[in-house]
Enquirer: 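Take this structure first; my questions come after.
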2 protein chains.
Amino acid sequence: MKSEKISEAVVRRLPVYLRYLNALNKREVATVSSQDLGHRLNLNPAQIRKDLAYFGEFGRKGIGYDVTYLIEKIRHILKIDQQINVVLVGAGNLGQALSNYNAYLKDNMKIVAVFDALPEKAGTSINTLVVQPMDQLESTVKKKNIRIGIITVPDFEAQQVADKLIESGIEAILNFAPIILKTPENIRVHTTDFTTDLLSLAYYLEDGREETEDDSE
Amino acid sequence: MKSEKISEAVVRRLPVYLRYLNALNKREVATVSSQDLGHRLNLNPAQIRKDLAYFGEFGRKGIGYDVTYLIEKIRHILKIDQQINVVLVGAGNLGQALSNYNAYLKDNMKIVAVFDALPEKAGTSINTLVVQPMDQLESTVKKKNIRIGIITVPDFEAQQVADKLIESGIEAILNFAPIILKTPENIRVHTTDFTTDLLSLAYYLEDGREETEDDSE
DNA sequence: TAGATTGTTAATCGATTAACAATC
DNA sequence: TAGATTGTTAATCGATTAACAATC
C-alpha cells in the first residue's frame, strides 16, 4: 500500500475489474489471477497488479485474488459500498435510456430523481420516476441525499443546469452535452460525448487515400 | 508534416477542435490562435499546435489559424469531407436517443438505417427511419454503403451483433454494451460505457473516510 | 519441494509541455 | 521595426511493462 496519487486511468479500470469479478462470482469462481484478468480484459497483468496494489495487498502470492474479497475491496474503494444517489436532469430519450440502467447499477448506485427544464414535462413518468420541475431540484437533492448529477439536456442548457446542480450541493457530474463545462475545481466532471466518439472513429476508416497503413495495433 | 504514427489521444481531440471551430465560424471569427483554442478547450497551446502539425502546416506564424481553412482540413483528416453512412443496431431507448443526434452530425456522418434483433420491432419507426429485421443487415449495409456500426443492444447480444456487422462489411464499431468485443484487428472498436463512467465518478466523492485529499487537479 | 503468483522496483515507452528560431 | 504566433526540437512528466525476490 503506497500513498501515491492515483491517476484517472487507474480509477477508470476499477469498474471494469469489478464487472468481470461480478461475472466470475456469479459463476462461483473463487479465485482469479492477474494473468486471467489481463487475458480476459486485454490488459497487462502487471498493470492490474499495480492498479490494485495502490489500494492495498489484496492477493495471495502463489494463489491469486479471492473473487468475493476483491469485489468487496473494489466496491469500498469506489465508495459504492454505500448507496450513492444520483439525479438525472433532462428527461429526453437519452435520459430515459440511462434511467433504464438502474437495474445494471445495482452496485449501489441509483438514479432516484429526474428533472426537466420544460414545465410541461413535469409530472410525466420515466420508468418508475416522476419528472420534476427544476425549482424542486435543490430541495430534492438535499432531501434524498443526492451526490451525483447526470446532465442529458441540449448543449445550450447544459452550463445552466450544471450551475444549478452545483448550487444544490451535488459533488460530481456526468455530462452528456458536447460542451466543456465551467465548474469549480472541487466538482468532478466527466464528459462523455457520442459525436466525438463517432467522428474520431471515421479517422480509422480505410479509404482510397494514400494513408500509410502502419497503424500497428 | 511528419509521418509519425498518430496516437488515439490526438485523433480524439480533432473532433473537439472541429466543434469549437464550427462555433467560431458561425460567429464569423476568421482567425484563431492555439492560445485561444487552448484557453477555451482547457488544453495546452503547444499540444494543439503539435496535434495539427502531425497532419500539415495549417497555420501562419504571427497570425494563427484561418478558421474555415482549418475546418476544411480537419474534416478531411477525419474523412468526413465525404458522407459516412452509419447503421445502428438496437432500437431501444438508447438507440432512439442516438438517432436524434443525426441533426448534430451534419458534419457528413449520418445514421441511415436501424435494425433490431426482436422481430416485433421491425416495421416500427425511429425518427424518420423504419426499423429493419436483422436478416436484411448485410444487404442494406452493402446497398447503402454503410461503413460504421453502432451497437446499442443488451450486453448478451452485443458480440453476436458485432460478428454480424463485421460479416456484413462494416469497418468500425461504436459499442455501447459493457463488454469487451472480440473482433479482428482490422476493425476499429470504441466502447463507451455509461456504467463505468458513473462508477468511476463515485471514487471522487468526498466522504467521511480518511482519504488524503491531495487530489491535486 | 516445485510451481504459481503476488507486490514492487527498475526499465521502457509514450504523451505532454517548454522553449525558441523562423517568419508573418 | 516590434509584436505575435507558428512549427518543431528538447525536456519533462507520467503511465505501462518487465523483471524478480518473496511467499503461498
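Computed from a predicted structure; not experimentally measured. Both backbone and side-chain heavy atoms feed into the values below; hydrogens, waters and symmetry mates do not.
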Enquirer: Measure from the side chain of B:Ala53, starting at C-beta and using heavy atoms only, and say which of D:dT16, D:dT5, D:dG7 lies closest.
Expert: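 Shortest atom-to-atom distance from the side chain points to D:dG7.
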Enquirer: Can you tell which of D:dA18, D:dA10, D:dC20 lies closest to the side chain of A:Arg49?
Expert: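 My answer, after comparing the listed nucleotides, is D:dC20.
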Enquirer: Using both distances under 3.5 Å as the test, list the Watson-Crick or G-U wobble partner of C:dT8, or none.
Expert: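 Paired with D:dA19.
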Enquirer: Give the rounded distance in Å between these two atoms: OH of B:Tyr17 and C1' of D:dT6.
Expert: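 Taking atom C1' of D:dT6 as the reference, OH of B:Tyr17 is at 15 Å.
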Enquirer: Please check the phosphate of D:dT6 (OP1 and OP2 only) for any side-chain N or O of B:Ser34 closer than 4.0 Å.
Expert: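 Yes, B:Ser34 has a side-chain N/O under 4.0 Å of OP1/OP2 on D:dT6.
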Enquirer: Would you say A:Tyr65 places a side-chain N or O within less than 4.0 Å of OP1 or OP2 belonging to C:dG7?
Expert: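 Yes, such a contact exists.
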Enquirer: Ring-plane angle category for A:Phe176 and B:Phe194, please: parallel below 30°, perpendicular beyond 60°, tilted otherwise.
Expert: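 Answer is tilted, since the angle falls between 30° and 60°.
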Enquirer: Rounded to the nearest angstrom, tell me the gap between atom NZ in A:Lys50 and atom P in C:dT8.
Expert: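 Nearest whole value for this atom pair: 10 Å.
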Enquirer: For D:dC24, what is the paired nucleotide under Watson-Crick or G-U wobble rules, both distances under 3.5 Å?
Expert: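 C:dG3 is the nucleotide pairing with D:dC24.
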Enquirer: Between C:dA19, D:dG7, D:dA15, which nucleotide gets closest to the side-chain atoms of B:Lys61?
Expert: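 Output: D:dG7.
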Enquirer: Indicate yes or no for a side-chain donor-acceptor contact from B:Arg147 to the backbone of A:Glu206 under 3.5 Å, with no hydrogens or angles considered.
Expert: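 Checked: pair present.
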Enquirer: Starting at the 5' end of DNA chain D, which residue's closest nucleotide do you reach first, A:Asn44 or B:Phe58?
Expert: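 So the residue in question is B:Phe58.
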Enquirer: Is B:Arg13 close enough to C:dA15 that one of its side-chain N or O atoms is under 4.0 Å from OP1 or OP2 there?
Expert: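 Answer no for this pair, as no side-chain N or O of B:Arg13 is under 4.0 Å from OP1 or OP2.
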Enquirer: Could you tell me how far apart B:Ile63 (CD1) and C:dA22 (C1') are, to the nearest whole angstrom?
Expert: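 Distance check: B:Ile63 CD1 to C:dA22 C1' gives 14 Å.
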Enquirer: For the residue pair B:Tyr204 and A:His190, categorise the inter-ring angle as parallel (less than 30°), tilted (30 to 60°) or perpendicular (more than 60°).
Expert: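 Perpendicular, since the angle between the ring planes exceeds 60°.
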Enquirer: Any side-chain donor-acceptor pair under 3.5 Å between B:Asn100 and B:Gln96?
Expert: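 No.
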Enquirer: Could B:Glu157 and B:Lys164 be called an ion pair, given the rule that one side-chain N must be under 4.0 Å from one carboxylate O?
Expert: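 The answer is no: the pair does not qualify as a salt bridge.
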Enquirer: Starting from P on C:dA15, measure out to CD1 on B:Ile6 and report it in whole angstrom.
Expert: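 Spelled out: CD1 on B:Ile6 to P on C:dA15 is 10 Å.
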Enquirer: May I ask you to verify if any side-chain N or O of A:Arg12 is less than 4.0 angstrom from the OP1 or OP2 atom of D:dA15?
Expert: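 Result: no.
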Enquirer: Report the residue (A:Gly62 or B:Gly64) whose heavy-atom-nearest nucleotide on DNA chain D is the more 5′ of the two.
Expert: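 Closest to the 5' end, via its nearest nucleotide, is B:Gly64.
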Enquirer: Could you check how far CG of A:Leu52 sits from C1' of C:dT8, rounded to whole Å?
Expert: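 My rounded result for the distance is 13 Å.
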Enquirer: May I have the distance from B:Gln35 (atom CD) to C:dT17 (atom C1'), rounded to whole angstrom?
Expert: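 Rounded to the whole Å, the gap is 13 Å.
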Enquirer: Whole Å only: how far is the CD atom of B:Gln47 from the C1' atom of D:dT6?
Expert: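 Rounding to the nearest Å, CD of B:Gln47 and C1' of D:dT6 are 16 Å apart.
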